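Reviewing the structure listed below.
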Number of protein chains: 2
Amino acid sequence: MPQKRNAKRRSECPLNVSVEMLGDRWSLLIIRDMMLREFRTYKQFMECYEGIATNILADRLRRLTANGIVTAAPDPRDGRKLNYQLTAKGIGLAPVLTEMVLWAAAHEDTGNQALVQLMRADKKGFLAGVRKGWEERKAEERKSTGS
Amino acid sequence: MPQKRNAKRRSECPLNVSVEMLGDRWSLLIIRDMMLREFRTYKQFMECYEGIATNILADRLRRLTANGIVTAAPDPRDGRKLNYQLTAKGIGLAPVLTEMVLWAAAHEDTGNQALVQLMRADKKGFLAGVRKGWEERKAEERKSTGS
DNA sequence: CATATTACTTGTTAAATGCAAGTGAAAAAT
DNA sequence: ATTTTTCACTTGCATTTAACAAGTAATATG
């Protein structure tokens with residue numbers, strides 16, 4: 001990995017590197033939707049985010065993959081499709097995203113109030129559910145890929 | 001303010017608008033440092049972030065102010081200085097930042113492990129401390145500005 | 001009153017993003 | 001079997017945003 005100009009400062013304080021990974025208009029949304037809406041394919045992201053450019057989506061997925069937040073595997077049932085999945089590191093962002101959604105809900109008028117209520121009422125349970133869903137999807141993938 | 005192309009999608013799901021506010025390389029770092037390192041002035045940010053451009057810093061502070069995350073008030077003791085402060089909305093981001101720091105610390109090697117330990121060991125207490133510090137600073141400001 | 005600080009602004013250049021069109025491989029339809 | 005679709009992209013170009021260097025206005029300090 002090549003050192004950048006500001007390498008010295010990078011790890012001086014926690015967050016600097018993370019913000020390099022996540023500090024853009026799309027990455028967090030992509031992660032949110034993989035986590036909460038079970039998005040897996042390029043097409044799903046593309047159709048959902050009005051405004052994202054196709055090359056940018058490709059680039060963000062590549063970067064998330066390079067940063068170990070996401071993996072990509074071809075769909076065993078359809079060779080055209082690539083299934084994107086969160087890694088353990090990626091699902092580890094669930095508390096961050098949850099707090100962010102709660103903050104957002106407190107200060108913007110957002111949709112999906114049901115989800116927000118659930119997060120507020122039982123944050124721990126919600127996070128456990130998110131992780132469970134993720135583990136199920138991973139298990140499913142392992143099965144279909146052939147153990 | 002002109003409506004943007006993707007205005008329709010903006011509030012459909014929580015987070016979209018927030019990511020518009022915070023989804024860039026600097027905003028979250030600025031907020032972190034106002035929260036955790038008590039940064040107040042333009043100069044402090046400028047000296048700390050190797051790599052930030054002066055016009056971009058000015059723009060980010062302006063945007064954070066416009067979004068109600070930060071306020072700016074002239075220093076009563078030095079008319080050149082502007083003191084930036086987090087608003088209630090801004091300090092509301094403390095849980096987000098905290099989770100982000102914890103995530104970052106788990107996946108990068110970061111400095112300030114003492115802080116990280118504290119966050120991990122007693123998250124609630126840590127957050128209470130952050131809020132208390134913020135309230136003290138606000139009280140102080142009220143006093144010096146003249147009640 | 002000269003010099004220094006602070007918080008910027010104003011160009012200009014470089015990089016990132018947005019947009020339209022196109023590509024190649026695999027699947028579905030005819 | 002071959003044409004048409006679908007999917008996951010890439011490529012080229014226009015536009016926007018960010019980085020860098022320099023300058024400015026309003027204090028403050030010596």
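Just so you know, these numbers use all the heavy atoms, side chains as well, and skip hydrogens, waters and symmetry mates. Residue numbering restarts at 1 for every chain, and letters A, B, ... go by the order of the sequence lines. If you're wondering where the values come from, they're calculated on a predicted model, not measured in any experiment.
- Within the structure, every side-chain polar atom (N or O) of Trp26(A) is placed at least 4.0 Å from both OP1 and OP2 of dA16(C).
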Check: Base, backbone or nothing for each nucleotide of nucleotides 4-12 of chain D, written B, S, -, heavy atoms under 4.0 angstrom, 5' to 3'?
Finding: --BSSBBBB
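- dT17(C) atom P lies 11 Å from atom CG of Asp24(B), rounded to whole Å.
- Rounded to whole Å, the distance from CE on Met46(A) to C1' on dA21(C) is 13 Å.
- In this structure the side chain of Met34(A) reaches within 4.5 angstrom of the side chain of Phe45(A), judged on heavy atoms.
- At whole-Å resolution of the value, CZ in Arg63(A) and C1' in dA15(C) are 12 Å apart.
- Here the side chains of Arg137(B) and Arg40(B) are in contact, with some heavy-atom distance below 4.5 Å.
- Checked by atom type and distance alone, the side chain of Glu108(B) pairs as donor or acceptor with a backbone atom of Ser18(A) at under 3.5 Å.
- As rounded to whole Å, 16 Å separates atom C1' of dT9(C) from atom CD1 of Ile52(B).
- Protein atom CG of Asp75(A) is 9 Å distant from nucleotide atom P of dA27(C), rounded to whole Å.
- The salt bridge (Lys or Arg N to Asp or Glu O under 4.0 Å) check on Asp122(A) picks up nothing, with sequence neighbours excluded.
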Which atom pairs, one a donor and one an acceptor, fall under 3.5 Å between side chains of residues 76-87 of chain B and the rest of the protein, sequence neighbours left out?
unit_1, atom_1, unit_2, atom_2, d
Asp78(B), OD1, Arg80(B), N, 3.0
Asp78(B), OD1, Arg80(B), NE, 3.1
Asp78(B), OD2, Arg80(B), NH2, 2.9
Asn83(B), ND2, Asp75(B), OD2, 3.4
Gln85(B), NE2, Glu141(B), OE1, 2.7
Thr87(B), OG1, Gly68(B), O, 2.6
Thr87(B), OG1, Ile69(B), O, 3.2
Thr87(B), OG1, Lys89(B), N, 3.3
Thr87(B), OG1, Gly90(B), N, 3.0

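- In this structure, the CD atom of Glu20(A) is 15 Å from the P atom of dA18(D), given to the nearest Å.
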Next item on the list: Would you sort out whether Asn16(A) and Arg32(B) count as a side chain to side chain donor-acceptor pair (under 3.5 Å), showing the intermediate values?
Entry: CA-CA 10 Å; Asn16(A) 291 358; Arg32(B) 175 198 67 188; 2.9 Å; yes
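- Between Leu57(A) atom CG and dG18(C) atom P there is a gap of 11 Å when expressed in whole angstrom units.
- Atom CZ in Arg25(B) sits roughly 14 Å away from atom C1' in dT17(C) (whole-Å rounding).
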